[in-house]
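Below is one structure, written out as structure tokens; comments come after it.
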Number of protein chains: 4
Amino acid sequence: MLSTSRTREAKLHRHDQILAAAFEEFSAKGYAEARLEDVAQRAGIAKGTIYLYFKNKELLFRAVLRGLIRHAFEELEIFVQTFSGTAEELVRQVLARQYTNVVKNSKARLMLRLLIAESHKFPQLADVYLREVVGPGVAAMRTLIERGIASSEFRESKIAAFPQVLVGPAVLAVVWTLIVGERQPLDLDRYMEAHLELVLHGLRGESQRAPCSTEIFLSAREKQ
Amino acid sequence: MLSTSRTREAKLHRHDQILAAAFEEFSAKGYAEARLEDVAQRAGIAKGTIYLYFKNKELLFRAVLRGLIRHAFEELEIFVQTFSGTAEELVRQVLARQYTNVVKNSKARLMLRLLIAESHKFPQLADVYLREVVGPGVAAMRTLIERGIASSEFRESKIAAFPQVLVGPAVLAVVWTLIVGERQPLDLDRYMEAHLELVLHGLRGESQRAPCSTEIFLSAREKQ
Amino acid sequence: MLSTSRTREAKLHRHDQILAAAFEEFSAKGYAEARLEDVAQRAGIAKGTIYLYFKNKELLFRAVLRGLIRHAFEELEIFVQTFSGTAEELVRQVLARQYTNVVKNSKARLMLRLLIAESHKFPQLADVYLREVVGPGVAAMRTLIERGIASSEFRESKIAAFPQVLVGPAVLAVVWTLIVGERQPLDLDRYMEAHLELVLHGLRGESQRAPCSTEIFLSAREKQ
Amino acid sequence: MLSTSRTREAKLHRHDQILAAAFEEFSAKGYAEARLEDVAQRAGIAKGTIYLYFKNKELLFRAVLRGLIRHAFEELEIFVQTFSGTAEELVRQVLARQYTNVVKNSKARLMLRLLIAESHKFPQLADVYLREVVGPGVAAMRTLIERGIASSEFRESKIAAFPQVLVGPAVLAVVWTLIVGERQPLDLDRYMEAHLELVLHGLRGESQRAPCSTEIFLSAREKQ
DNA sequence: CATGAATGAGATTTCATTCAT
DNA sequence: CATGAATGAAATCTCATTCAT
């Protein structure tokens with residue numbers, strides 16, 4: 001019994017050990033150029049051992065990404081729904097979490113690079129990502145906007161139909177970091193403040209800003 | 001004479017023919033998995049012919065991306081500087097161009113995917129991209145914001161320090177399209193309107209929206 | 001334990017098996033025209049296996065020649081120094097060994113062909129050859145001559161400054177065999193006698209000869 | 001007429017131009033690694049032009065070597081037969097010519113390297129070499145020895161059966177230069193003197209030397 | 001005659017995958 | 001379970017040779 005349990009533990013350990021090593025290798029070299037021998041070396045095991053846990057390179061790769069994707073935003077929705085402050089404060093907190101968890105997190109950035117680079121070759125990944133991350137994420141952002149509208153902090157706008165625009169600047173920050181980050185680093189804290197200012201001003205209801213006669217005129221022009 | 005000219009034409013044609021075929025292949029398979037034999041086949045030529053025009057696979061790849069990157073935004077700055085309408089109108093037009101030229105343009109999207117996927121392996125590409133696209137693009141966006149502030153259409157804000165946040169949602173649209181676009185397409189026209197609304201509201205000066213006593217106080221605090 | 005030892009043995013075997021096959025192939029075709037696939041076939045293994053033991057073609061080639069060169073003449077010097085007969089007898093024995101080991105040894109001849117053909121492209125080989133073969137060989141020949149002079153069997157002469165002239169005819173025999181040996185074979189035993197006669201007469205001191213009645217008798221006996 | 005003749009001249013010129021360029025290339029790289037494009041470049045012509053003069057690479061190579069081999073020693077026989085000095089003087093002159101024309105002549109050395117390296121793959125070359133060089137060369141050396149014996153300058157010996165032994169040291173000098181010449185150059189003038197001393201002493205008749213009583217004793221030891 | 005662009009066979013090298021131990 | 005030697009398909013790149021101009 002004990003030995004079996006130990007074995008299972010060891011196996012689980014091995015399994016994750018391999019996944020971790022594989023993530024390092026894949027994110028350093030990309031899917032095609034990653035060498036399973038190097039994965040094995042990073043994991044401190046022999047090449048053949050990988051095949052005891054994963055049928056082949058593709059399934060290892062998909063397991064790596066699935067492991068990273070899963071549960072990414074499952075708490076976000078709950079967080080939004082149970083938050084008890086103002087909508088504005090909620091936006092601040094939600095975006096701050098995004099920066100901490102994703103934009104400033106190099107592992108998350110590398111995962112996103114792999115996803116962008118390879119998802120069209122591994123359609124299952126896009127499915128998982130859509131279901132686990134994009135769907136919940138958009139839903140949470142939509143809830144957030146609706147709460148703000150309900151509390152009259154935010155105005156009604158077309159933004160509610162595409163809540164993801166609010167996260168756009170964070171995505172740009174990730175892509176920026178991936179492409180030119182080494183040559184032209186972003187000051188992410190100050191960047192996030194600019195992002196927040198744009199989003200909060202962009203969402204805020206007219207009533208929050210004081211009515212003025214020209215306002216009507218302007219917003220009319222704006223619509224046209 | 002005619003034969004010379006024909007030859008030169010043919011040569012130029014071949015060169016570009018290969019670049020076009022290579023772009024197709026690289027953006028379909030990524031750098032590592034692209035096969036030069038398939039590039040040749042797409043171009044309707046023999047394998048060896050590629051090597052008459054490009055020393056090796058890497059240089060072909062870099063030539064492909066350089067060709068796509070170069071001059072991408074060189075006119076944007078001029079467009080912004082010579083535009084004679086309101087700043088708001090300018091923002092609308094600039095973003096509309098981004099959507100037409102980049103977000104809705106599948107070639108541009110694929111180029112961006114290659115850049116994200118491979119730029120860390122080909123640092124020269126990041127250099128070119130920074131110099132030719134990112135730099136001019138950010139500069140143009142900064143000019144745009146400053147014009148709006150000068151004309152009092154936009155308020156002063158931290159956004160001016162990071163003009164790229166304005167384009168963030170467009171980048172998200174590109175990444176979205178690349179990863180889950182096939183399963184969950186974005187209605188880009190309506191998405192763009194949401195983007196515009198966020199940006200215009202986010203930039204617009206307080207004075208444009210009606211003064212109110214708390215507003216001034218708050219925006220003062222916010223700026224500090 | 002047994003399996004380890006078997007494995008190590010097998011590995012050593014493989015290594016040498018490849019070297020042997022490679023020598024066959026290289027000496028049949030020369031460096032450039034030798035095909036690693038054919039080396040593998042001669043060794044009865046797969047193409048890729050070679051790369052488990054040798055990084056690339058060049059290093060395999062150099063390993064082949066280094067293996068043949070090493071220790072070629074290391075015992076010669078000792079043999080010369082510890083020989084207790086006359087200098088003339090020593091010359092006879094040394095040259096006889098050369099013929100047995102080199103001139104009549106087709107493996108040695110082929111090695112020499114490779115060395116002549118390729119050494120200018122692989123300078124390290126020339127270094128090894130100089131250090132392992134040429135240096136010790138010349139030193140041994142020099143010792144040999146000096147012994148003869150010391151014992152007054154040989155006269156002092158310019159030959160001592162270039163002891164390698166004594167071996168020249170053997171080198172000619174090798175080259176002859178390599179180029180026209182198939183069409184015009186040399187009778188190496190009788191050729192060696194001619195060589196010996198030239199060398200012994202060439203070295204012998206004037207005082208050692210002297211026309212005397214027995215001379216005719218002796219030289220007649222000598223011929224037989 | 002004139003144009004035809006000019007053309008033919010041009011063609012002959014081209015022909016030799018190509019041969020010269022090809023020799024440079026072949027002797028620098030060996031047969032297999034020589035590139036016809038580089039031959040063309042050395043000759044200042046286009047790659048295709050070579051094929052107007054030579055059917056293919058192999059025939060070009062053979063033509064190069066045939067051109068170098070032909071007539072190499074055809075005058076030697078005549079020189080020996082018509083020489084009117086002593087046999088010893090003749091030996092000196094013949095060997096001096098060998099050093100000047102062959103050993104010290106880098107073109108000749110390179111040709112010999114090609115011959116050694118490639119002749120087994122191009123049997124026709126060995127034929128030509130045997131007929132044009134080796135045959136006449138050996139014949140001339142034999143004549144030379146016979147003249148010396150006839151004039152009692154040289155004694156009868158087994159050397160006459162293998163006259164090529166006399167040239168051996170020169171062959172060694174060539175091989176030495178080809179393999180280790182760059183690292184350990186030979187002083188060819190002094191080397192040749194050693195060679196001459198060996199050969200002249202080796203050939204010289206007993207009567208030419210000096211009587212000594214110990215001869216009997218020594219030659220007895222010699223046999224043991 | 002001369003050119004040089006184009007071809008495609010062929011060589012080296014890599015690496016995912018298998019399997020005997 | 002774990003190993004790592006062995007395999008061989010596949011990819012890059014070269015270059016002798018052809019041929020339209």
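A quick note: this is a predicted structure, and the numbers were derived from the prediction, not measured. Sequence lines set the chain letters: A, B, ... in the order given, protein chains first and strands last, and positions in each chain run from 1.
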>> Would the distance check show the side chain of C:Q17 and the main-chain N or O of C:A43 forming a donor-acceptor pair, the cut-off being under 3.5 Å?
In response: yes
> Does the side chain of B:Y129 reach to within under 4.5 Å of the side chain of B:L112, using non-hydrogen atoms?
Replying inline: yes
> Can you check whether C:Y53 has a side-chain N or O nearer than 4.0 Å to OP1 or OP2 of F:dA5?
Replying inline: no
> So, do B:M111 and B:K107 sit near enough that their side-chain heavy atoms are less than 4.5 Å apart?
Replying inline: no
>> I need the CZ-P distance between D:F26 and F:dC15, as an integer number of Å.
In response: 13 Å
>> Measure CZ/D:F54 against P/E:dC1 and give the value in whole Å, please.
In response: 14 Å
> Is a side-chain N or O of A:K57 found less than 3.5 angstrom from the main chain of A:A34, in a donor-acceptor match?
Replying inline: yes
> Tell me: CD1 of C:I45 to P of F:dA5, nearest whole Å?
Replying inline: 13 Å
> Given atom CG of D:D38 and atom P of F:dT14, what is their separation to the nearest angstrom?
Replying inline: 13 Å
> Can you check whether A:Y53 reaches A:L19 side chain to side chain, under 4.5 Å on heavy atoms?
Replying inline: no
>> Measure CG/D:L59 against P/F:dA16 and give the value in whole Å, please.
In response: 14 Å
> Should the pair B:F54 and B:H15 be assigned to parallel (<30°), tilted (30 to 60°) or perpendicular (>60°) ring geometry?
Replying inline: tilted
>> Using atom C1' in both nucleotides, what's the gap between F:dT21 and E:dC1 to the nearest angstrom?
In response: 13 Å
>> In this structure, how many angstroms lie between the P atom of E:dC1 and the CD1 atom of D:I50, rounded?
In response: 16 Å
> Which of parallel (below 30°), tilted (30 to 60°) and perpendicular (above 60°) describes C:F26 and C:Y31?
Replying inline: parallel
> So what stems show up for DNA chain E if we need 3 or more Watson-Crick or G-U pairs in a row, all under 3.5 Å?
Replying inline: E:2-21 with F:2-21
> In whole angstroms, how far is the P atom of F:dT14 from the NZ atom of D:K29?
Replying inline: 13 Å
Extract all donor-acceptor atom pairs below 3.5 Å that involve side chains of residues 119-127 of chain D and protein atoms in other chains or at least two apart in sequence.
{"residue": "D:S119", "atom": "OG", "partner": "D:L115", "partner atom": "O", "Å": "2.9"}
{"residue": "D:H120", "atom": "ND1", "partner": "C:R113", "partner atom": "NH2", "Å": "3.2"}
{"residue": "D:K121", "atom": "NZ", "partner": "C:K29", "partner atom": "O", "Å": "3.0"}
{"residue": "D:K121", "atom": "NZ", "partner": "C:E33", "partner atom": "OE1", "Å": "3.2"}
{"residue": "D:K121", "atom": "NZ", "partner": "D:E118", "partner atom": "OE1", "Å": "2.8"}
{"residue": "D:D127", "atom": "OD1", "partner": "C:R183", "partner atom": "NE", "Å": "3.2"}
{"residue": "D:D127", "atom": "OD1", "partner": "C:R183", "partner atom": "NH1", "Å": "3.2"}

> What string of B, S and - do you get for nucleotides 12-18 of chain E, 5' to 3', when a contact is any protein heavy atom under 4.0 Å?
Replying inline: SBBSSBB
> Rounded to the Å, how far apart are A:Q41 CD and F:dT3 P?
Replying inline: 13 Å
> In Å, rounded to the nearest 0.5 Å, how long is the span from CG of B:L59 to CZ of B:R66?
Replying inline: 8.0 Å
